[in-house]
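Structure record follows, encoded as structure tokens.
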Amino acid sequence: MSHDIQQQLDELRELLAYHGHRYYVEDNPEIPDVEYDRMMQQLLALEAESPELVTVDSPSQRVGGKPLDGFTQITHEIPMLSLDNAFNDDDLHAFEKRMLDRLLSESSLTYCCEPKLDGLAVSLMYENGVLTQAATRGDGATGENITENVRTIRSIPLKLRGEGWPARLEVRGEVFMPKKGFEALNEKALKKGEKAFANPRNAAAGSLRQLDSKITATRPLSFYAYSVGVVEGLELAPSQYERLVQLKGWGLPMCPEIRQLASMDEVITYHQMIGDKREALPYEIDGVVIKIDDVALQQKLGFVARAPRWAIAYKFPAQEELTILNNVEFQV
Ligand SMILES: CC(C)(CNC(=O)c1ccc(Oc2ccccc2)cc1)c1ccc2c(N)nc(N)nc2n1
């Protein structure tokens, strides 16, 4: 009997994880919502009958239990570094020249270019493919343990998909609130006479700071991976871009605007193109991040103080301040 229930649970969990991935990560659902909901109800009913068979990576375990009293501190095994800024094309050419002067072996460089999302940097630890811990960047050395809140973000897999992932894999990326979700959240807040959030970044930060993950679960948060921290048990691809493709193959969301480019001139064109489409993007960005694609060269170049020598953020001019609606109070 229990074998039969265990088999039913495994099947339901895999189906819900697969369809959840199609809906929340690929934005391309295969089944109607009502069918997904029915399977989830089935899983919840089976787990209620056999609570001893509930697993931490079950799709039913996205919304935590009771609220926390506070967040514990997490020390990052590998520090989360920050980025130097570029403000014009000359800064980029200078960036490239500094690197070529140091990399005497190279005559040209390939870049991985990624939109710089206006959200919060987080670290996700997967052990044997299961999400075991999530932390904020904090000061780069230590952050807050926000695992319960991150588990409510439907585009973050509780269990890696595909195969061949390493025994330990730390994924770093940005938690953000898409523009449409932000507008709906503020509309709801104003209707309930609550304060509005000033911008999607504040709204995402406020949502991740909740001690009650049931509140976080109601917030429209999303995530894009942009780098890898700790890796144990597998040699990843030697290219930043290819590593992000590997993460995508394991079920982690990858921003569709990321490009591998063969020259700084292509990078400048990319920056211009992303700047032109900035208003139309479904999420807020404040620039693009340009990285040397070759990981061995990254390691050769290293970092200065807390920022890599091999990566730079090329910022857009600050968007004109949001027109402050009269008598709308903003959450701090
Ligand atoms: C490049 C890096 C700074 C990540 N990299 C690191 O944090 C990092 C950390 C230790 C490293 O190496 C060390 C290993 C051991 C000890 C010290 C350093 C190397 C890179 C960064 C920061 C912010 C980003 C952002 N907002 N958006 C995108 N798209 N990409 C971003 N990339």
Side-chain angles (χ1 to χ4, degrees), residues 25 57 71-84 112-117 119-151 153 155-162 164-176 204 208 221-255 258 289-313:
V25 177
D57 62 334
F71 294 114
T72 56
Q73 290 294 304
I74 300 275
T75 301
H76 300 299
E77 293 173 42
I78 292 179
M80 293 178 73
L81 303 181
S82 52
L83 289 164
D84 267 347
C112 180
C113 298
E114 312 161 9
K116 188 172 182 298
L117 270 78
L120 285 100
V122 296
S123 156
L124 311 174
M125 186 63 80
Y126 287 90
E127 291 172 319
N128 299 318
V130 172
L131 179 65
T132 53
Q133 181 183 277
T136 62
R137 178 181 179 285
D139 62 5
T142 58
E144 289 181 323
N145 183 335
I146 53 167
T147 308
E148 289 310 308
N149 288 341
V150 163
R151 291 171 58 85
I153 303 173
S155 55
I156 292 179
L158 296 179
K159 187 170 190 305
L160 295 179
R161 305 189 57 71
W165 18 264
R168 287 188 84 218
L169 173 68
E170 182 194 4
V171 176
R172 295 168 168 192
E174 201 86 0
V175 168
F176 63 97
L208 282 180
L221 294 176
S222 196
F223 173 80
Y224 278 139
Y226 61 60
S227 93
V228 172
V230 171
V231 185
E232 286 172 11
L234 179 84
E235 192 72 34
L236 294 184
S239 140
Q240 164 71 10
Y241 182 83
E242 294 307 326
R243 286 185 170 198
L244 297 180
V245 171
Q246 276 182 299
L247 295 183
K248 183 176 179 184
W250 293 328
L252 288 140
M254 174 184 175
C255 178
I258 293 177
V289 181
I290 299 138
K291 305 173 181 178
I292 291 276
D293 189 56
D294 183 317
V295 174
L297 295 184
Q298 291 180 5
Q299 284 161 0
K300 249 175 147 180
L301 287 161
F303 47 96
V304 178
R306 292 164 357 132
R309 281 203 182 90
W310 46 265
I312 200 161

How about Val171 and Tyr126: do any of their side-chain heavy atoms sit closer than 4.5 Å? yes
Reported CD-to-CG distance for the pair Gln73 and Asn145, which is rounded to 0.5 angstrom: 9.5 Å
How close do Lys291 and Ala311 get, heavy atom to heavy atom, and via which atoms? CG-CB, 4.0 Å
Distance, nearest 0.5 Å, that separates CD of Glu127 from CH2 of Trp165: 12.0 Å
Counting N and O atoms only, with roles assigned by atom type, does the side chain of Arg168 sit under 3.5 Å from a partner on the main chain of Glu232, one being a donor and the other an acceptor? no
Any idea which heavy atoms bring Cys255 and Tyr224 closest together, and the distance? N-CD2, 3.3 Å
Taking the side chain from Thr147 and the backbone from Ala134, do they hold a donor-acceptor pair closer than 3.5 Å? yes
Could you tell me whether the side chain of Leu208 reaches within less than 4.5 Å of the side chain of Val122, counting heavy atoms only? yes
Polar side-chain atom of Gln298 near backbone of Ile292 as donor-acceptor pair, under 3.5 Å: yes
Residues Ser155 and Phe223: closest non-hydrogen pair is OG-N, 3.4 Å
Side chain of Glu114, backbone of Tyr241: donor and acceptor closer than 3.5 Å? no
By the definition side-chain hydrogen bond (donor to acceptor under 3.5 Å, both in side chains), identify the one residue from Glu77, Arg172, Arg137, Glu170 that meets it with Ser123. Glu170
Distance check, rounded to the nearest 0.5 Å: Leu158 atom CG versus Ile153 atom CD1? 10.5 Å
Rounded to the nearest 0.5 Å, what separation is found between the CD1 atom of Ile156 and the CG atom of Leu221? 8.5 Å
From Thr136 OG1 over to Ile146 CD1, what is the distance, rounded to the nearest 0.5 angstrom? 6.0 Å
Which atom pair, heavy atoms only, marks the closest approach of Lys116 to Leu83? CE-CD1, 4.2 Å
Which atom of Gly164 lies closest to which atom of Leu234, heavy atoms considered: O-CD2, 3.5 Å
List in chain and number order the residues that pass salt bridge (charged side-chain N to carboxylate O under 4.0 Å, His left out) with Arg151, two or more places apart in sequence or in another chain; answer none if no residue qualifies. none
Gln133 (side chain) donor-acceptor with Met125 (main chain) under 3.5 angstrom: no
What distance separates Cys112 SG from Arg243 CZ, expressed to the nearest 0.5 Å? 11.5 Å
Using a 3.5 Å cut-off and no angle test, enumerate the donor-acceptor pairs between side-chain atoms of residues 246-254 and protein atoms at least two apart in sequence or in another chain.
unit_1 : atom_1 : unit_2 : atom_2 : d
Gln246 : OE1    : Ala237 : N      : 3.0
Trp250 : NE1    : Glu163 : O      : 2.9

Testing the basics here: between Asp293 and Ser239, what is the closest heavy-atom pair and its distance to 0.1 Å? OD2-OG, 2.8 Å
